[in-house]
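Here the structure is a predicted model, which means the values were calculated and not measured.
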Amino acid sequence: MDMFMSNMGGESVFKERTYQAIVEFVPTTFDPDSQTEISKIESNNEIKMGSISNAKYIKPIDRRALNQASAHMIFEFNDAEAANKAIRMGLFICGKRTPVRKSLKEPLRCLKCQRVGTGHLAATCKDTKDTCPRCGGEHRAVSCTVAKDNLRCSNCKEDGHGAADRNCPYFRKRATQHLEKDPLNKFLYFPTFSAFTWET
């Protein structure tokens, strides 16, 4: 690898492949910044030591409900076998068995125009005005005065939810199209030489 990188030039960076999984209902007492706790998960679940390269809560801690006891997380593995074992068996974390599923990439939403799956982000959006993700008006979300029960989606044009709602029929349609572009998304696991990983 060192020889390969030296031939690529001084500015080249090699990034290891990671395998992302959603770990559900993790006790909020778990500290993802503690390497000791990460190592304990690897040891208790008999997966390769050092295979969990990163762990983070999906929702920011400051947005949790009062006395929330569990939350979903994203675990990144640097080893497909370890990720697949976690998906197949679940993970024992802080005294609790937590279900694990393969993380599937979703279409991106531009935070300026709010369109989904267009292939651009706010920095390269060609719209001259912002579209509110709450009501669809021509202003930013921070300036929106619309009540929570008066939301309107700028994508599907329906009332009752905003453009950021993952249950929006337009988002779900785009998400399905996005998943169908990558044939590996149909597998429950990250395909390896093990037969069970080819299950759909």
Donor-acceptor contact below 3.5 Å, side chain [X] vs main chain [Y]:
X	Y	answer
Trp198	Tyr189	no
Arg174	Pro107	no
Asn185	Leu179	yes
Gln114	Gly136	no

Under 3.5 Å, which donor-acceptor pairs do the side chains of residues 59-68 form with other protein atoms, sequence neighbours left out?
{"unit_1": "Gln68", "atom_1": "OE1", "unit_2": "Ala65", "atom_2": "N", "d": "3.0"}
{"unit_1": "Gln68", "atom_1": "NE2", "unit_2": "Ser70", "atom_2": "O", "d": "2.8"}

Interatomic distance, [X] atom [atom1] to [Y] atom [atom2] [nearest 0.5 angstrom]:
X	Y	atom1	atom2	result
Lys102	Ile87	NZ	CD1	7.5 Å
Gln35	Asp31	CD	CG	11.0 Å
Asp33	Asn54	CG	CG	9.0 Å
Phe187	Asp182	CZ	CG	10.0 Å
Ser39	Glu37	OG	CD	10.0 Å
Lys85	Leu91	NZ	CG	10.0 Å

Quiz item: Linking I/L/V/M/F/W/Y whenever any side-chain heavy atoms sit under 4.5 Å apart, do Leu188 and Ile47 land together?
Solution: yes
Closest approach of [X] and [Y], non-hydrogen atoms and distance?
X	Y	answer
Ala147	Arg134	C-NH2, 4.0 Å
Ser53	Thr18	OG-CG2, 4.2 Å
Cys132	Ala141	SG-CA, 4.1 Å
Ala163	Cys153	CA-SG, 3.9 Å
Leu121	Cys110	C-SG, 3.8 Å
Glu42	Gly50	OE1-N, 2.9 Å

Give a yes or no on this: more than 12 heavy atoms of other residues, nucleotides or ligands lie within 6.0 Å of atom [atom1] of [X].
X	atom1	answer
Glu138	CD	no
Lys96	NZ	yes
Phe196	CZ	yes
Gln177	CD	yes
Met89	CE	no
Lys40	NZ	no

Quiz prompt | Set of residues satisfying side chain to side chain contact (heavy atoms under 4.5 Å, CB included) with respect to Asp79, sequence neighbours excluded | solution = Lys48, Ser51, Glu81, Ala82
Got [X] and [Y] here, is their nearest side-chain heavy-atom distance under 4.5 Å?
X	Y	value
Ile93	Phe75	yes
Thr98	Glu24	no
Asn84	Ser194	no
Phe92	Ile41	no

Quiz item: With sequence neighbours left out, which residue pairs that include part of residues 110-164 fulfil the ring pair (Phe, Tyr, Trp, His ring centres under 6.0 Å) condition?
Solution: none
Quiz prompt | Candidate pair Ile74 and Ile22, rule side chain to side chain contact (heavy atoms under 4.5 Å, CB included), full reasoning | solution = CA-CA 5 Å; Ile74 295 177; Ile22 306 296; 3.8 Å; yes
Quiz item: Could you go step by step and tell me if Asp127 and Lys112 meet the salt bridge (Lys or Arg N to Asp or Glu O under 4.0 Å) rule?
Solution: CA-CA 8 Å; Asp127 279 21; Lys112 185 176 178 67; over 6 Å; no
Practice problem: List the steps and the verdict of side chain to side chain contact (heavy atoms under 4.5 Å, CB included) for Glu106 and Phe171. | Solution: CA-CA 9 Å; Glu106 295 183 334; Phe171 176 85; 3.7 Å; yes
Exercise. Hey, could you give me each pair passing side chain to side chain donor-acceptor pair (under 3.5 Å) that has a residue in residues 141-158? Not counting sequence neighbours.
Key: Arg152-Asp159
Exercise. Quick one: list whatever passes ring pair (Phe, Tyr, Trp, His ring centres under 6.0 Å) with Tyr19, sequence neighbours left out.
Key: Phe190
Practice problem: For Tyr57, check ring pair (Phe, Tyr, Trp, His ring centres under 6.0 Å) against everything at least two apart and list the hits. | Solution: none
